Amino acid sequence: MLVQDDIGRSTLLSYMATLLLCVTVVIGISWIYTATQRERFLESGYSVWNAKRSLVSHCDLGQVVVFGDSRADSALVPARLKKVATNLAVAGGTPIESYFFVKSMLECESKPTVLMLSFNPGAFEIIQPWLWDNSARYGALGWRELSEVRREAARLNDKSYLAVTPKLGLDGIVRDIAYAYGFPAIYFDSLLDGRLIARTDMNRQRFNEVVLARGYPSYGHAAQQAGARNDGEQKSIPFAPLPIQQSYFEATLAMLERAGIKTYFLITPYNTRAGKTHDQRYNATYLAYLHRVDVQYSGFQLLQHQQPVWAETMFVDGAHLSQEGAQIFSRLLNRCIEDAADMADLGIACDFNQAAGADELITADLDLVKK
Amino acid sequence: MLFNSYVFIAFFLPVALAGFFASARYGRQSAAAWLILASLVFYAWWNPAFLPILIASILINYGMSEVVARSGQRPALQSALLALAVGLNLLALFYYKYFFEVAKFLTEDIGFEVHADSILLPLGISFFTFTQIGYLIDVKQGVAKERGFLNYVLFVTFFPHLIAGPILHHREMMPQFAEKQTYRFSLINFSVGVTIFAMGLFKKAVLADPLGGDVTAGFDAPGDLSFYGAWWVAVRYSMQLYFDFSGYSDMAIGLACMFNVRFPLNFNSPFKSQSIIEYWQRWHMTLTRYLNQYLYNPMALAVVRWRSDHGFGTKRVNQKTLGGFLSMTALPTMLTMALIGLWHGAGLQFLLFGLLHGAYLTVNHALRIFRGTASENSTPWVAWLRRILNIAVTYIAVVVALVLFRSSSLDNAITMYQSMLGLNGFVFAVGKADIIWLLVLAIIVWGCPNVQQIMGQFGPALTKVDAFSKRVPLIWKANAKWACAVGVMLAVSLMALGGTSEFMYFQF
């Protein structure tokens, strides 16, 4: 059918072989580069994760450690606590990521006295694509961890795990292979945006900042209009946790109980607008779930009986506390810890909306912020 | 399934190719059956619920075409049967594509309540419906000679064109499926096909898709854009659509080539056009061809007959009168372009997009007819400048019209136009890197030969294109240099597939 088909077979075969070789070489070089030079091109989220992983791998944890999602990540300023504390919550974190973080942490000789877990309800209800786009892509979860989760999901007959499609557009075991072994396609956008090497300084600076702040990455200053964004929250009414998330949450608690570490569940504040959108029945079933777990594990305790609702001016968006909001929240938490006779029994002193004096403290800090 | 997805490239295509040539050993029919099966899997991948619609459409149309063919002795009955068959196709198209929007318009804007639930548009319905209507008409006119069922099904379902074109003509496809050679593996066709496919994939994944972010943000909130911002977004969109459609068309041709089949050309550097008439001869060429053949020409012919019957002149000189121009040129042009607009979607903005292009074409025809062509005695510099100016004016006209094409509603389009007129200020906030990238794209669009010119000597498409300037040494050869260049493009494209996005023409 072609106009010119007099090219020899060997010429064509060597053309196709060279083409294939070039594809392999380019992908191979990219693979090596993306596996070894991530700080040169990845977004700043990578440095934040890396800083937290570094704190764990150096067993530099202190007495109080917080694990959880981005709300907790934005809320706890360790420097505001009198006890040495570390914020190991991560953006997009769910009980699955926390389980593996906690597992690494427990390999340290010096363990923290108190551990705080903090997730928004949505973290229990879905598996976020961030499990791959953050945790696996940043190298925090590898093939062993992803395989373990996949097996556990199969054991629980939880099909949600295999169905999640992260940015790469794949699902199932192929997705896990691509992310676990860092197929360069998962970094392509970052390579472009980071112009291959343009983010080195920014990432190094961010890494140092977060390590110095003991895991706290500032989310910035308060936004003019915080909105009511509820990412990953309230997916169903009543609250219905996924078996896989429940399983990892409870496995984490069991692991901590065995290690003799007291664990608290900390609910970070919602802004007033987001608070209004919350369904009462949903909140009630969510808290009932946490209470049930509280009863089941003697080393686990809920720190609050209500979800704190704060003014929108304390947030950078609908979900995350601003630098100012985080300072106030951390001071309240510090007071709660300091007020308690025993760190292993904080009781309900940490009811951030209701506790005597909390409103005054917020007002006072707000005045301070305004000044 | 998308051509630019891992499952297609790593699994579907190798299996489809291997199965096709392996089954060809057992005869042409088994190879054709395999290819049909593969094409149906390809189609059903996204939503299996649409498969029965495609199959029903094929069976009904083939059945009707046979009835039409056999009633040739009774012309009136044959015409009625053809009208029924075409009507059924248009009814199905109307139901899936327009009914919900029309019902919404009647209920919300006119106050005449029509109950309609949102209807999911079956993938590629416009393409396979148009293809089959064309076949029905040709059967009636007696020009469809090859009418075997298997070849017909293959002609309609052949996966490289099934979802977003090109809109094929049975005369150029069915004979190819009847040829023995088609069923024998050809290394040259495979190599040329892979090369064209790689170039198309590169255009889609590396050149088009990264432009999408700013475009979406801009068209979502056109009121936030300044004069420069609005033009920036509109130009970026034109580039995104250009490389998206060009990439898709190359990939379709490349895929067909791997199966020893040649497609008609669908895209031929439309932004190099020096007039809107030329633009429509280079953009979505098979749609233009189809509508010319089955809509514009019959309409123009009907006008000519009417004029002739009523004593009006129909010669070229009569076309130079206002009445002659309006009836014989402007009317069929405006109607055809209005339908092209509506073919793209049910919104008012699509109708206006078609009408705007209709107006452009009418003006273009008027200039051609009343003013004549430019003097050929001008110096090379003047001719060059005129050419640049023509290209620039045509491109700007296209960009302005594309605002309607991309906007989610007419209100959004109007807001975008207001921004483009500077009614929202003149702040310039575009990064240096973005400007450089756009310049690179502009060089590719206006300064480089297209894939058909690069591969032209091998005739991978049925349509020939003009040779590119010999000063640009970009003619493909099966050597190491080209292998490396195409290999790098393919590797980068494969890595860019993360977050795969659909081809823009899939929605039509």
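Just so you know, these numbers come straight off a predicted model, no measurement behind them. Residue numbering restarts at 1 for every chain, and letters A, B, ... go by the order of the sequence lines.
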(message) Holding to side-chain hydrogen bond (donor to acceptor under 3.5 Å, both in side chains), I want the full list of residues that pass it with Glu39(A), two or more places apart in sequence or in another chain.
(response) Arg204(A)

(request) Would you kindly check if the NZ (Lys) or CZ (Arg) of Arg137(A) is within the cone defined by 45 degrees around the ring axis of Phe188(A) and under 6.0 Å from the six-membered ring centre? (result) no

(message) Would you say Arg38(A) and Tyr187(A) are linked by a side-chain donor-acceptor pair, where the criterion is simply a distance under 3.5 Å?
(response) yes

(message) If we count only N and O atoms by modelled type, under 3.5 Å, do the side chains of Gln323(A) and Ser218(A) hold a donor and an acceptor together?
(response) yes

I'd like a table of donor-acceptor pairs (distance under 3.5 Å, sequence neighbours excluded) in which one partner is a side-chain atom from residues 194-202 of chain A, with atom names and distances.
from      : atom 1 : to        : atom 2 : distance (Å)
Arg199(A) : NH1    : Phe41(A)  : O      : 2.9
Thr200(A) : OG1    : Ile197(A) : O      : 2.9

(request) Could you tell me which residues in residues 21-29 of chain A have at least one non-hydrogen atom under 4.5 Å from a non-hydrogen atom of chain B, sorted by residue number? (result) Cys22(A), Val23(A), Val26(A), Ile27(A)

(message) Does any backbone or side-chain atom of Leu13(A) lie under 4.5 Å from a heavy atom of chain B? Answer side chain, backbone, both or neither.
(response) both

(request) Find the distance between CD (Glu172(B)) and CE (Met174(B)) and round it off to the nearest 0.5 Å. (result) 12.0 Å

(message) If I measure from the heavy atoms of chain A, does Val492(B) come under 4.5 Å with its side chain, its backbone, both, or neither?
(response) both

(message) Tell me every residue that passes salt bridge (Lys or Arg N to Asp or Glu O under 4.0 Å) with Asp214(B), counting only those two or more places apart in sequence or in another chain.
(response) Arg236(B)

